[in-house]
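What follows is a single structure, written as structure tokens, with notes after it.
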2 protein chains.
Amino acid sequence: MEQVSEPFTIDLRRLTVLRELQRRGSLARTAEALHLTPSAVSQQIAALARETGVPLTEKDGRGVRLTGQARVLLAHADAIAAQLERARADLGAYGEGGRGSVTIGCLSSGILGVASKAPSAVSTAATWTSLWVSTPRTSSQDPP
Amino acid sequence: MEQVSEPFTIDLRRLTVLRELQRRGSLARTAEALHLTPSAVSQQIAALARETGVPLTEKDGRGVRLTGQARVLLAHADAIAAQLERARADLGAYGEGGRGSVTIGCLSSGILGVASKAPSAVSTAATWTSLWVSTPRTSSQDPP
DNA sequence: TGGAATTACGCGAGTCGTAATAATC
DNA sequence: GATTATTACGACTCGCGTAATTCCA
């Protein structure tokens, strides 16, 4: 059966594999880090390349090297991972103290002053910088 | 054992189902919109609730109603979907004209002036606002 | 020859649909 | 009784591991 009108979905699990590959440098070490076999890692990367339609690795000696497109994808993967982390935090904090978080941003040069004072609130990725601040919510928590 | 960076993964497919449920209001209409059966939708939502550890629906008459936690999760889902869309655009534009995009942000009130002049470059979600700008890249494209 | 990646293939887990059940209007 | 959601169960797909193959230092 074919799934219709699925604009662009990427399996986050495969993206995690690609992130680990960037960090470890080889399929073998990636597999070890994820408690998988090199075969599984190879298949995941191949599937992700099929999904996205771009080559993610190229041969380099007896190993592999990430392509520029893979690095582009990874920059977004970092942002998505951070977003997921925020979701987890917000879900965990739901109903406890009535606070959530909002994401604002600014130019990297401008956020450094804040980062120096509250480093735990600032997360930086390759292409963007976000500041997360907790905001008190009073009564109207969920406008319908 | 070394830290396996897998603290929190959410299946984006299930998140899409939840988004459609928010939009349609009932499992039946959601199933119809996604070319699925109500059974599949019910199982997906239940699985997502297990994954996240929070209740997502509560009974309302003979239908269901989203919980506040579900709305919190959906706010992040919007942000993630937008991020994926950016990833797709960047991947498609890779190597064509040597341009990519960077994400910057500002307070909503401050971005309106830009939005009025280049609306296609601005995307707004529930809790954040991002401006996407294309930046020319010259020679040093990938610093190792 | 040894290490790294890929491919072939079988098995288990997850997902969907059909059908039956429960609940509400 | 009609509509909505949930549960039980069988069929199918997908992902992982084992094992064989290829490539390179």
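Sequence lines set the chain letters: A, B, ... in the order given, protein chains first and strands last, and positions in each chain run from 1.
A straight line from CG of A:Leu21 to C1' of C:dA5 spans 12 Å, rounded to a whole angstrom. Between the P atom of D:dC14 and the CG atom of A:Leu48 lies a distance of 16 Å, rounded to the nearest Å. Rounded to an integer number of Å, the gap from A:Leu27 CG to C:dT7 C1' is 14 Å. Summarising the geometry, the separation between CG on A:Leu56 and P on C:dA5 is reported as 15 Å, rounded to the nearest angstrom. B:Ile45 has its CD1 atom 13 Å from the P atom of C:dT15, to the nearest Å. Between the CG atom of B:Asp60 and the C1' atom of D:dT3 there is a distance of 15 Å, given to the nearest Å.
Contact of the A:Thr67 side chain with the A:Val72 side chain is not registered, since no non-hydrogen atoms from C-beta on lie closer than 4.5 Å.
Closest approach of B:Arg71 to B:Leu66, counting heavy atoms only: NH2-O, 3.7 Å.
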Report, one line per pair, each donor and acceptor closer than 3.5 Å where one atom sits in a side chain of residues 26-33 of chain B; sequence neighbours left out.
from    : atom 1 : to      : atom 2 : distance (Å)
B:Ser26 : OG     : B:Arg29 : N      : 3.2
B:Arg29 : NE     : B:Arg24 : O      : 3.1
B:Arg29 : NH2    : B:Arg24 : O      : 3.3
B:Thr30 : OG1    : B:Ser26 : O      : 2.7

Let me check something: any side-chain donor-acceptor pairs from residues 52-60 of chain B under 3.5 Å, sequence neighbours excluded? List them with distances.
from    : atom 1 : to      : atom 2 : distance (Å)
B:Thr52 : OG1    : B:Leu48 : O      : 3.0
B:Thr52 : OG1    : B:Ala49 : O      : 3.4
B:Glu58 : OE2    : B:Arg65 : NE     : 3.2
B:Glu58 : OE2    : B:Arg65 : NH2    : 3.2
B:Asp60 : OD1    : B:Arg65 : NH1    : 3.1

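The closest side-chain donor-acceptor pair between B:Thr16 and B:Glu20, if any, does not fall under 3.5 angstrom.
For B:Arg19 and B:Asp78, the salt-bridge test passes: some basic side-chain N is under 4.0 Å from an acidic carboxylate O.
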Nucleotide by nucleotide, nucleotides 15-24 of chain D touches protein heavy atoms under 4.0 Å in the pattern (B base, S sugar-phosphate only, - none) SBBB-----S
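Within the structure, every side-chain polar atom (N or O) of B:Ser42 is placed at least 4.0 Å from both OP1 and OP2 of D:dA5.
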